[in-house]
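Computed from a predicted structure; not experimentally measured. Read the numbers this way: they start at 1 and go in the same order the structure lists the ligands and their atoms. The figures here come from the full heavy-atom set of this structure, side chains too, leaving out hydrogens, waters and symmetry mates.
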Amino acid sequence: MLIAQITDLHVVADGTLCSGTVPTNELLRQAVERLRTLRPRPDVVLATGDLADHGTDEEYAALARLLAPLPMPVFVIPGNHDDRDALRRAFPDHHYLPTRGFLHYAIEDQPLRLIGLDTVAPGRPGGELCAERLAWLETTLAAASRPTLVFLHHPPFDTGIWWMDAIGLTGRRRLEAIVRRHANVEAVVAGHVHRTIVRRWAGTLGCVAPSTAHQLALDLAGEEFLAVNREPAGALLHDWRDGTITTHVLAITPAPSFVPADHATPETLAKTRAYFERAAQTLKAAETLA
Ligand SMILES: [Fe+2]
Ligand SMILES: [Fe+2]
């Protein structure tokens, strides 16, 4: 099962730019086209918050239009830039979304169980998992022992980028204790930081996905406050196979090749391919014997 994760789309009203500079709608259009034409095609798409920049109906209408070409199920959760009710209004056919209260849910009809969390604390850029949401997660995790992926907007750990950590997630200690009690949580994946970040957390894999639009500078020295840049836009591909998740970073814009055209003739490619096929067989045979 291939799970694409897009995050921090920051969609704006048609004909405008995010913060006056970033063409977030056009960048999302490119991301959707990349996912739509990817082979193999992802089975589902998770959109992990900051879907709209100001949370207005107009922005969500643009978001719904931009996501519409995706033929696979798309599961959305809100981020600090989102508005729960406006998001609900824009996706009336997303029946997995609760009609009232927090936008958290479990998707049960996929090979990997998917649990979306709502970390929104209205009016604040930081996130929150209150007692009610944590209790819901505890009950939901306890209801099934199948392998599960948890997704939320705010990472439940510090990333080393101090000013983003300053608007991090409260309730993370209790979340960590809950996740530790459930060894079937294969990964906890987030957004918010507009960078690719991976770390061990709560005995499982913790990931942060890059934005489909603008990225934030890798500023571990604490010197580049609010540095938004044009590092390549991306998405994560969580590949669930053989009982484990392998996560890949997908660049939205395919990169040109370094291999000169005359190095890649059909004859040289066929010869090299035969070498790799033999190597794969040799490795498999060695592993069978080991
Ligand atoms: Fe964001
Ligand atoms: Fe955010």
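Screening residues 5-48 for ring pair (Phe, Tyr, Trp, His ring centres under 6.0 Å), with sequence neighbours left out, gives His10-His81, His10-His194, His10-His214. Residue pairs that meet the side chain to side chain donor-acceptor pair (under 3.5 Å) test with at least one member in residues 276-290, sequence neighbours left out, are Arg273-Glu277.
Ring planes of Phe151 and Tyr105: perpendicular class, angle over 60° (limits at 30 and 60°).
The Fe ion (ligand 1) sits nearest to atom NE2 when only the N, O or S atoms of His10 are considered.
Electrostatic pairing of Arg29 and Glu33 does not count as a salt bridge here, judged by no charged N lying under 4.0 Å from a carboxylate O.
Remark: the backbone N or O of His54 is paired with a side-chain donor or acceptor of Glu59 at under 3.5 angstrom.
Inside a sphere of radius 2.8 Å centred on the Fe ion (ligand 2), the protein N/O/S atoms present are Asp50 OD2, Asn80 OD1, His153 NE2, His192 ND1.
With sequence neighbours excluded, no residue forms a side chain to side chain contact (heavy atoms under 4.5 Å, CB included) with Pro92.
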